[in-house]
Amino acid sequence: MTAEAAATVRTTCPYCGVGCGVLASRAADGTVSVAGDPDHPANAGRLCSKGAALAETLSLEGRLLHPLIEGRRTGWDDALDLVARRFGELIAVHGPDSVAFYVSGQLLTEDYYVANKLMKGFIGSANIDTNSRLCMASSVAGHRRAFGSDTVPGCYEDLELADLVVLVGSNLAWCHPVLFQRLSAARAARGTKVVVVDPRATATCEIADLHLPLVSGSDVALFNGLLAHLHARDAIDHAWIEAHASGYQAALDTAQSMPLADIARITGLGEADILRFYELFAATAKTVTVYSQGVNQSSAGTDKVSAIINCHLATGRIGKPGAGPFSVTGQPNAMGGREVGGLANMLAAHMDIENASHRHIVQSFWQSPGIAARPGLKAIDMFRAVADGRIKAIWIMATNPVDSLPEADLVRAALRQCPFVVVSDIERHTDTTALAHVLLPSLAWGEKDGTVTNSERCISRQRPFLPAPGEARADWWQLAEVARRMGFGSHFRYSGPAAIFAEHARLSYIANAGTRDFDIGAYADADGAAYDALEPFHWPRSLEDYTASRQRRFFADGRFYTPDRRGRFVPTPWRQPATAVSAAWPLILNTGRIRDQWHTMTRSAKSARLMRHLAEPFVEIHPDDATRLGLASAHLAEITSAHGSVVARLLLTTRQLPGRVFVPMHWTDHFASRARVDSLVGAHLDPVSGQPELKHTPVQIRPFPAAWYGFALCCRRPVFRSEYWAVAKAKGGWRAELAGLRAPADWTETAHALLAGNGKQDGLDVLAYFDRSTGQHRFAAFEDDRLTGALFVSPEPVAVARDFIADQLDATFSAHTERFRLLAGRAPAGRPDAGPIVCACFEVGRTRILEAIRGGGGASVEAVGAATSAGTNCGSCRAEIGELIHAACLAKAG
Ligand SMILES: Nc1nc2c(c(=O)[nH]1)N[C@H]1C(S)=C(S)[C@@H](COP(=O)(O)OP(=O)(O)OC[C@H]3O[C@@H](n4cnc5c(=O)[nH]c(N)nc54)[C@H](O)[C@@H]3O)O[C@H]1N2
Ligand SMILES: Nc1nc2c(c(=O)[nH]1)N[C@H]1C(S)=C(S)[C@@H](COP(=O)(O)OP(=O)(O)OC[C@H]3O[C@@H](n4cnc5c(=O)[nH]c(N)nc54)[C@H](O)[C@@H]3O)O[C@H]1N2
Ligand code: SF4
Ligand SMILES: [Mo]
């Protein structure tokens, strides 16, 4: 083996649930590069912008490297002793339900397995829940109602074999980009029809034959109507229902209670569009319905899932190549967490906590003193119990609830007064680590070692290729050490992740014999070497039935996991979302993701390249609403709900329905002055799944009365006292958007303080310019001809070539004319301004793409790619390039 080959490790992307295989290579000088793994079944070599930028997020800057108690560095022994002692004391006095774990779909399966075993088996409480409650809980509940188990029937290939793909509440282009690429390629090759059901016109609509911008929360009405229509059109597979399902008539009765006119009124869609969708569905046997957070994160989330599954059961379109309902998971290991039973209402290995014989299987396998006999508190209730003192100690792992749970300010207050908070994270400073009594440093991607399961039940290895930094240790190790110190040592003596995986595999297999879907018994005896060599595989993989269990789809035989092995229809009466608009809160807030950021940005924001796509918290609003409310493009707005308020940049767009606004979920107190969107969102839960309604919050919005706006570029992370700020990594430094309610008395002084904060003060050469007519101040700092910082202030939003300027840190400006052009906010001659970056891989900006389109070289995304390279690597920006072409055509036509 060559030295080069030895340094390449096959691992899995730590971001979304597509679960792409990654080849990580470490050069002799330590630099890491990543590429898509051509042999991984999920991506066959592809990566999206986030995956392709993984190497840029590995810096140790900001990492948590040592255990801390009350903010002071300590050793592992002291930290772990304290955790075990405090948990033990509280359990002894107040009982096992006085403590809780709040974990995450970003843990590895092995970490997750140990956490669940410790809490449910040995502490004896089911108070372990996970951020999957905010993510997949409604799908889990919907699956269990219909199938008797939490089973995802299909696989990715189905998207390529289907003739119709319906995307419901899924922005696949930005959130599952590689799956989107696979679907786009299939569509180009075989003319797959695509329908997008989403209140917003997202980047995903670029490949839609039909976009249904329904009123949010109305999906159940739409799919009830579909079931009734399928019945009326005689598109029902009665023979299949007869043989394999029950409850059809009751579901149909409910569905038929709503005439088309009502559905049109409730969904806000035209009858013709609704019927076009219904006809397409009725006529297309090979239909896959993909759904995600527009479905799950709803107070009717479980009913939305059931309404979709009903239509698939009714047509027998399940578990067949190119046909089935398909819940795409968000996090890299959302599925693994479900497999180990990480939710408060599950057991382990897809067994049920309410089922006595399942409890017996698990308890005797674990040889635990007891086992939790009833479901524990689900995430929202768990934090309510922290708030009212029922829970007195909580251990949070790999999630940032102060930012991601609804009513986030209450979550923060609850943790602030909780007697004992332990947080395991990889970053020193997050909004949640700030409240920890004990902070435990975990291994990050590239260091940690274990397995994850993606959306299509494919288990793959995450393998380390970097040494553990500082004193960071694996999450499973931290849990096992605490277990040992609580007196359960003999049950948690693992030599490494391989031993945990084998135990997990054994549990999946015992007393199973085909009665439970999750079975990876084939790996029950996998030793370290087998584990190291583990190839990605799809479950089930049973021990005896090795070949038969290699099937890629469930339910093809029409046998489900209900007691009578029949699939179940569930009647889904339509109901309004939990809250409605009122005079005080006249708009509905929708929240979600952007292409290049991951959740609370602790990792993706380390890449300057990823920050260039959208560098600031924003609110999307329809131009008519903006005009009515006196909101101007690029100005700032304050959005308020009954729970809190945020400030964000206004983005006017007709992609947004009137009466609705959209704010991304990503920004935290670490990156902006006031942009934690979950401080606005109410905790209204789906009654079955306990999943909160994160996409439907009544709000009001008004102009933020800024007296001045600013844009700054600094070598070091700047600190501001202005009422509004948002910072982002730039090449070699930081960029910042600023605004304030009152201008400082002396801008020169302010600018010098900010720009001197960059480094040494002497030798700093600050060029200043004041334009009396516009009231604009401009400053640029140089050190030996190199630009070290800049500040632009204006009474109106600053109009400068931001992306160009952000790239100039450390560039040489020897000629005075060049310095003045920079101060004017324009690109000097010979250094073209790329405009906002569209293609993150090749850093191709909007200006360059528009030039290519105008120059005639860009009538198609492919042609733009040939002319500029944009969109030719990961392809995540292809939808946006398509939009630019579309807009240019419209402009030409108009
Ligand atoms: N870039 C990026 N990718 C990610 C993530 C990330 O942070 N960044 N996170 C990952 C995770 S954990 C998850 S869970 C997934 C989420 O992936 P998605 O679910 O695709 O993403 P979201 O943006 O949360 O929401 C999807 C869409 O639901 C729409 N929607 C809102 N309300 C309704 C409604 O009532 N009905 C319908 N039909 N649609 C509605 C929204 O307008 C939005 O476009 O993404 C994963 N991938
Ligand atoms: N309004 C609104 N709110 C939402 C959503 C929405 O669409 N709208 N989406 C919801 C959904 S679907 C999700 S999944 C959640 C996501 O929300 P969170 O889970 O809170 O978000 P992350 O930023 O992924 O948090 C992961 C944390 O774990 C740390 N970390 C990373 N790797 C490791 C590791 O290996 N070990 C340990 N111990 N720590 C690690 C990171 O630094 C980070 O602090 O947000 C939910 N909240
Ligand atoms: S689609 Fe992108 S973020 Fe998701 S697993 Fe693949 S490379 Fe990672
Ligand atoms: Mo998620």
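Both ligands and their constituent atoms are indexed starting at 1 by order of listing. Counting from 1, the numbers follow the sequence of the chain as shown. Quantities reported herein were computed from a predicted structural model and do not represent experimental measurements.
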Per-atom filter on ligand 1: closer than 4.0 angstrom to a heavy atom of R595 are 1 (N)
Quick note on ligand 2: atoms under 4.0 Å from a heavy atom of S404 include exactly 3 (N), 4 (C), 17 (O), 18 (P), 20 (O), 45 (O), 46 (C), 47 (N)
Minimum-distance protein heavy atom relative to atom 36 (N) of ligand 1: D219 OD1, 2.9 Å
Of the protein's non-hydrogen atoms, which lies at the shortest distance from atom 12 (S) of ligand 1, and what is that distance? H599 NE2, 3.0 Å
When distances are taken from atom 35 (O) of ligand 1, the protein heavy atom at minimum range is G217 N, 2.7 Å
Heavy-atom pairs closer than 4.0 Å: do any link ligand 1 to the side chain of I594, the backbone, both, or neither? backbone
Contact region, Y15 to ligand 1, non-hydrogen atoms below 4.0 Å, reads neither
For ligand 2, is any non-hydrogen atom under 4.0 Å from L443's backbone (N, CA, C, O), its side chain (CB onward), both, or neither? backbone
So, K448 and D111, do they make that salt bridge, N to O below 4.0 Å? no
Atom indices of ligand 2 within 4.0 angstrom of S424 heavy atoms, with elements: 37 (C), 38 (N), 39 (N)
Considering only protein heavy atoms, which is closest to atom 20 (O) of ligand 1, and at what distance to one decimal place? N171 N, 2.8 Å
Within 45° of the axis and under 6.0 Å from the centre of the six-membered ring of Y156, does NZ or CZ of R182 qualify? no
Looking just at side-chain N and O atoms, do E427 and T433 make a donor-acceptor pair shorter than 3.5 Å? no
Check ligand 1 against T202 and write out every atom of the ligand that is under 4.0 Å from a heavy-atom position of the residue. 44 (O)
With no hydrogens and no angle check, is any side-chain donor or acceptor of S138 less than 3.5 Å from a backbone partner on N296? yes
Of D475, V681, I426, the residue with the heavy atom nearest atom 32 (N) of ligand 2 is I426
Of all protein heavy atoms, the one nearest atom 34 (C) of ligand 1 is G294 O, 3.4 Å
Which atoms of ligand 1 sit under 4.0 Å from any heavy atom of K50? 1 (N), 2 (C), 3 (N)
Quick test of your reading of the structure: of N590, T600, L440, D425, whose heavy atom lies closest to atom 44 (O) of ligand 2? D425
How close does the nearest protein non-hydrogen atom get to atom 26 (C) of ligand 1, and which residue and atom is it? G169 O, 3.3 Å
Just by modelled atom types, is the P332 backbone N or O under 3.5 Å from a matching donor or acceptor in the Q106 side chain? no
Part of T602 within contact of ligand 2 (heavy atoms, under 4.0 Å): side chain
Please say which of Q691, K695, H696 ends up in a side-chain hydrogen bond (donor to acceptor under 3.5 Å, both in side chains) with Q297. K695
Contact atoms of ligand 2, heavy-atom distance to V677 under 4.0 Å: 1 (N)
Applying a 4.0 Å heavy-atom criterion (strictly less than), which segment of D678 is in contact with ligand 2: side chain, backbone, both, or neither? side chain
Which of the ligand 1 atoms, numbered from 1, are nearer than 4.0 Å to a heavy atom of W174: 1 (N), 2 (C), 3 (N)
For G592, the ligand 1 atoms with a heavy-atom partner under 4.0 Å come out as 23 (O), 24 (O)
Presence of salt bridge, D403 and R676, under 4.0 angstrom: yes
Ligand 2 and R603, any nitrogen or oxygen pair closer than 3.5 angstrom? no
Quick note on ligand 1: atoms under 4.0 Å from a heavy atom of C135 include exactly 14 (S)
Hey, what do you get for NZ (K50) to CG (L610), rounding to the nearest 0.5 Å? 8.0 Å
For K304, is the nearest heavy atom under 4.0 Å from an atom of ligand 1? yes
Yes or no: does W445 have any heavy atom under 4.0 Å from an atom of ligand 2? no
What's the shortest distance from atom 19 (O) of ligand 2 to any protein heavy atom, and which residue and atom give it? N131 ND2, 2.7 Å
Does any N/O atom on Q297 come nearer than 3.5 Å to any N/O atom on ligand 2? yes
Side chain W76, main chain E471, donor-acceptor under 3.5 Å: yes
Can you list the steps and then say if R200 with E620 is a salt bridge (Lys or Arg N to Asp or Glu O under 4.0 Å)? CA-CA 10 Å; R200 293 187 306 147; E620 284 185 344; 3.6 Å; yes
Per-residue contact class, H613 against ligand 1 - non-hydrogen pairs under 4.0 Å: neither
For T591, the atoms of ligand 2 under 4.0 Å from one of its heavy atoms are 1 (N), 2 (C), 6 (C), 8 (N)
Could you tell me the residue and atom name of the protein heavy atom closest to atom 39 (N) of ligand 2, and the distance to it rounded to 0.1 Å? A398 CA, 3.2 Å
Number the atoms of ligand 2 from 1 as they appear, then name those within less than 4.0 Å of a heavy atom of Q106, with their elements. 19 (O), 22 (P), 24 (O), 26 (C)
Under 4.0 Å, counting heavy atoms only: does D403 come that close to any atom of ligand 2? no
Test side-chain contact (heavy atoms from CB on, under 4.5 Å) on T202 and F662; report intermediate values, then the result. CA-CA 11 Å; T202 60; F662 176 86; over 6 Å; no
Among R593, Q331, H666, which one has a heavy atom closest to atom 11 (C) of ligand 2? R593
Nearest-option assignment for atom 15 (C) of ligand 1, heavy atoms, candidates A201, P332, S218, G330: G330
Work out whether the distance between some heavy atom of S298 and some atom of ligand 1 is less than 4.0 Å. no
If you measure from the Lys or Arg side-chain nitrogens to the Asp or Glu carboxylate oxygens, is any gap between R595 and E880 under 4.0 Å? yes
What orientation do H429 and H670 show, parallel under 30°, tilted 30 to 60°, or perpendicular over 60°? parallel
Which ligand 2 atoms does S442 reach within 4.0 Å, using its non-hydrogen atoms? 36 (N), 37 (C), 38 (N)
Of all the non-hydrogen atoms in the protein, which one sits nearest to atom 47 (N) of ligand 1, and at what distance? C175 O, 2.8 Å
Quick note on ligand 2: atoms under 4.0 Å from a heavy atom of K448 include exactly 34 (C), 35 (O)
At the 4.0 Å heavy-atom cut-off, does L694 count as touching ligand 1? no
NZ/NE/NH1/NH2 to OD/OE distance under 4.0 Å, R609 and E56: yes
Interfacing atoms of ligand 2 (cut-off 4.0 Å, heavy-atom, W598): 24 (O)
Location of contacts on D111 toward ligand 2, heavy atoms closer than 4.0 Å: neither
Report, in ascending order of atom number, the atoms of ligand 1 lying under 4.0 Å from any heavy atom of V168. 38 (N)
Ligand 2 contacted by K695 (non-hydrogen, < 4.0 Å): yes
Check for a donor-acceptor pair, side chain of T289 on one end and backbone N or O of P325 on the other, with a separation under 3.5 Å. no
Residue and atom name of the nearest protein heavy atom (relative to atom 2 (C) of ligand 1), distance in Å to one decimal: Q597 O, 3.4 Å
Show which atoms of ligand 1 fall inside a sub-4.0 Å distance from at least one heavy-atom site of S170. 20 (O)
